[in-house]
There are 2 protein chains.
Amino acid sequence: MNTIADIARLAGVAKSTVSRYLNGGSVSEETKKKIEIVIAETGYAPNAFAQSLKAKKTNIIGTIIPRLDSYATSRTLIGIDERLRELNFHMLVSNTNQDLEREIENIYTLAKQKVAGIILLATQITDDHLKAFKQINIPVLLVGQQHDDVYSLVHDDETAGYAIGKYIIQRGHKNIAFLGVGEHDIAVGVNRKKGVKKAVADHDDIDARFFETTFNMSEAAIRAQSLFDEFSPSALVCATDNIAIGAVKAAYQKNLRVPEDVSITGFGGYEVTAMMHPSLTTVQIHFVDAGRTAASHIVKLVNGEDIPKLTYSNFEIILRESVDIRTDHPI
Amino acid sequence: MNTIADIARLAGVAKSTVSRYLNGGSVSEETKKKIEIVIAETGYAPNAFAQSLKAKKTNIIGTIIPRLDSYATSRTLIGIDERLRELNFHMLVSNTNQDLEREIENIYTLAKQKVAGIILLATQITDDHLKAFKQINIPVLLVGQQHDDVYSLVHDDETAGYAIGKYIIQRGHKNIAFLGVGEHDIAVGVNRKKGVKKAVADHDDIDARFFETTFNMSEAAIRAQSLFDEFSPSALVCATDNIAIGAVKAAYQKNLRVPEDVSITGFGGYEVTAMMHPSLTTVQIHFVDAGRTAASHIVKLVNGEDIPKLTYSNFEIILRESVDIRTDHPI
DNA sequence: CTGAAAGCGCTTACAG
DNA sequence: CTGAAAGCGCTTACAG
């Protein structure tokens, strides 16, 4: 492996000149040529550590994620990675396995590794988070959750919840169940539910009930079964596609036809929802795009440029087979 | 941010003594105490770049993956990450987006970043790969593909293919289709098919035909439709769960009942296969375990310990509802 | 057990 | 435009 000293010697110039050449400083055409040739011959590549030691900064963006085996996460990472690469940055992924302590820990660790910025696919923001953000003095961007004190990129969960609720109501459903997750998750647990609630609040002839489960498909299936025992909805709005997949399974097990006996909707737009039988009507969130935007934003912050404190990413409702028109629901 | 010089000054000792303390060299109890206190007070953490610049080595394992949105990949990464953390190493993920050139490029980039070792979730190994491995002089472990010149951890695809083939035959199927992927992918495209071929070769009353598609669910669905037109198998063995999901969809569209008209099997053991209707009989590969093993192995290589050149990870067949017994298949 | 000094490979004022 | 020198924060022989 060659060092800058080797290149300088071979090119017959000083190290500082080579460094200047490398970093776009002023170097005469002639000197430029000489250095170029030597670098091409030797295949020289600067030592990133030595650079970082001086610069005290890297071109790495640390991305903290709660879990790896999630469609939303992996699609978002793809977008971040893609865009970061275009901007000449690298992505360092740090998985917390849904452990909040590890999330805080990771913020400090990434700071120690001198990442240029941090993207946090957050599930909740605690005081410890805010303290860490203050202390590390590195740009941070939240994705999927919003907090007034931090730059945030959120899927517009409440509006999306409102839209899918409205759609279900327009299709004539009056007995509507919502199967969500706990309120510790602001985006999924609180906002999506809030949107649906708002939609049903617009009408006074609707019996809407709200249930809770986890993000796990099998647990959602079990919860949906007992839900079908307690309440007989004509439509079941689910807070994620995985929950919806579990609910469809539960319907089969209860001998309920989808959508004839019960309509079911998802949230996310996972690829597999198009392949199910019946295919799932769902709210599609553009995770890859969101990831790309997140990458653009964090790099802007790194470069000292301004971005809006809060950005919304887009969604759309994909109409498929799992929702039926209901003019009169037989209880 | 404190440096080792600050700590030394505050503790009233030399920098080298602090360094020795940090790295487990011989330091008197008394000195140890003083340094400990100062470090605790200041929250000092060594600068990783300065360390790496000297040591010319990090505790980072670079992991190169072909894609992020794959169940197999994410589960494997979870295992790698988990185990690496236990061993006090970090995981740096580098996505190639299935671009072979970028894969080669990444090998060199990671080497430049002085990762301690590289885990490559490979789809194929070319001469350029081998050349890169030679040149970088860093331990490399292949996962999912095997090559004689490189340490490899493979899912035993051929044996697994043989096992699922055998199982289908035992259930009385005589008209068997296999829907696989191109042979550039040795593990999935070649070995799984080879195993199934071997299973049918043991019997002389079987009409087995082999078809090809891609890893994409929707494309697999389309290919399966035309397959059902060309050939009327009583069982369709798919090379991945995603292909099987597409095939089940195609069966629905062709008004074929699963498993009464056609049995379908997958490969992978994705969570969603348990939730489908009917639930999918599939070969489960233990990706998380494989990831953990991969992490253990690469760290052993980094530490100069020996590991077997080739390791097989386990699989099992999960029997569910998508396969029927067939005593006599009416063409 | 301890400390002074050199060096890892780069960058950056500073002087010419 | 160019070069000599200092310094980034560590580690590691070496001498004591």
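Keep in mind that the numbers below use all heavy atoms, side chains included, and drop hydrogens, waters and symmetry copies. Because the structure is a prediction, the values reported are computed rather than measured. So you know, we letter chains A, B, ... as the sequences are listed, proteins then strands, and number each from 1.
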What's the closest nucleotide to the [X] side chain, out of [options]?
{"X": "B:N23", "options": "D:dT11, D:dG9, C:dC10", "answer": "D:dT11"}
{"X": "A:I4", "options": "D:dC1, C:dC8, C:dT11", "answer": "C:dT11"}
{"X": "A:L53", "options": "D:dG9, C:dT2, C:dC10", "answer": "D:dG9"}
{"X": "A:K54", "options": "C:dC8, D:dC8, D:dT12", "answer": "D:dC8"}

By side-chain hydrogen bond (donor to acceptor under 3.5 Å, both in side chains), which residues pair with [X], not counting sequence neighbours?
{"X": "A:R85", "result": "none"}
{"X": "B:T73", "result": "B:S70"}
{"X": "A:S313", "result": "A:H155"}
{"X": "A:T96", "result": "none"}

If you look only at pairs with a residue in residues 101-148 of chain A, which of them pass as a ring-ring contact (aromatic ring centres under 6.0 Å, His included), with sequence neighbours excluded?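 For residues 101-148 of chain A, and leaving out neighbouring residues, there are no ring-ring contact (aromatic ring centres under 6.0 Å, His included) pairs at all.
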Sequence neighbours excluded - ring-ring contact (aromatic ring centres under 6.0 Å, His included) pairs with any residue from residues 17-45 of chain A: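 Every pair satisfying ring-ring contact (aromatic ring centres under 6.0 Å, His included) with a residue in residues 17-45 of chain A: there are none.
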Donor + acceptor pair across side chains of A:D185, A:T123 (<3.5 Å):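 No, because no side-chain N or O of A:D185 sits under 3.5 Å from a partner of the opposite role on A:T123.
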Counting Watson-Crick and G-U wobble pairs whose two distances are both under 3.5 Å, find the runs of 3 or more in a row that involve DNA chain C.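 So far as stems of 3 or more pairs are concerned, DNA chain C shows C:1-3 with D:14-16, C:5-12 with D:5-12, C:14-16 with D:1-3.
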So which of residues 34-47 of chain A are in contact with DNA chain C, with a heavy-atom cut-off of under 4.0 Å?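 Nucleic-acid contacts, sorted: A:Y44, A:P46, A:N47.
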Distance check needed: [N] [atom2] versus [X] [atom1], whole Å only.
{"X": "A:I7", "N": "C:dT11", "atom1": "CD1", "atom2": "P", "value": "13 Å"}
{"X": "B:Q51", "N": "D:dC8", "atom1": "CD", "atom2": "C1'", "value": "14 Å"}
{"X": "A:L22", "N": "C:dC10", "atom1": "CG", "atom2": "C1'", "value": "10 Å"}

NA contact type, B:T3, heavy-atom cut-off 4.0 Å: base, sugar-phosphate, or nothing?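 Sugar-phosphate only.
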B:S26 near the nucleic acid: base, sugar-phosphate alone, or nothing, with a heavy-atom cut-off under 4.0 Å?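 Contact class for B:S26: base.
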Residues which pass side chain to side chain contact (heavy atoms under 4.5 Å, CB included) with B:D128, listed by chain and number, not counting sequence neighbours: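 B:D128: side chain to side chain contact (heavy atoms under 4.5 Å, CB included) contacts with B:I104, B:T126.
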Sequence neighbours left out, what passes side chain to side chain contact (heavy atoms under 4.5 Å, CB included) with B:A5? Give chain and number order.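 B:A5 satisfies side chain to side chain contact (heavy atoms under 4.5 Å, CB included) with B:T3, B:K15 once adjacent residues are dropped.
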Phosphate contact (D:dC1 OP1 or OP2) by A:S28 side-chain N/O below 4.0 Å: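 No, no such contact exists.
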Atom pairs, protein N/O to nucleotides 3-5 of chain C N/O, distance under 3.5 Å:
{"residue": "C:dG3", "atom": "OP2", "partner": "B:A14", "partner atom": "N", "Å": "3.1"}
{"residue": "C:dG3", "atom": "OP2", "partner": "B:T17", "partner atom": "OG1", "Å": "2.8"}
{"residue": "C:dG3", "atom": "N7", "partner": "B:S16", "partner atom": "OG", "Å": "3.3"}
{"residue": "C:dG3", "atom": "N7", "partner": "B:R20", "partner atom": "NH2", "Å": "2.8"}
{"residue": "C:dG3", "atom": "O6", "partner": "B:R20", "partner atom": "NH2", "Å": "2.9"}
{"residue": "C:dA4", "atom": "N6", "partner": "B:S16", "partner atom": "OG", "Å": "3.0"}

Which atom pairs, donor and acceptor, lie under 3.5 Å between side-chain atoms of residues 290-302 of chain B and protein residues at least two apart or in another chain?
{"residue": "B:R292", "atom": "NH1", "partner": "B:E82", "partner atom": "OE1", "Å": "2.6"}
{"residue": "B:R292", "atom": "NH1", "partner": "B:E86", "partner atom": "OE2", "Å": "3.2"}
{"residue": "B:R292", "atom": "NH2", "partner": "B:E86", "partner atom": "OE1", "Å": "3.0"}
{"residue": "B:R292", "atom": "NH2", "partner": "B:E86", "partner atom": "OE2", "Å": "3.1"}
{"residue": "B:T293", "atom": "OG1", "partner": "B:D289", "partner atom": "O", "Å": "3.0"}
{"residue": "B:S296", "atom": "OG", "partner": "B:R83", "partner atom": "NE", "Å": "2.8"}
{"residue": "B:S296", "atom": "OG", "partner": "B:R292", "partner atom": "O", "Å": "3.2"}

Would A:E105 and A:R102 pass as an ion pair if we require N to O under 4.0 Å?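 No.
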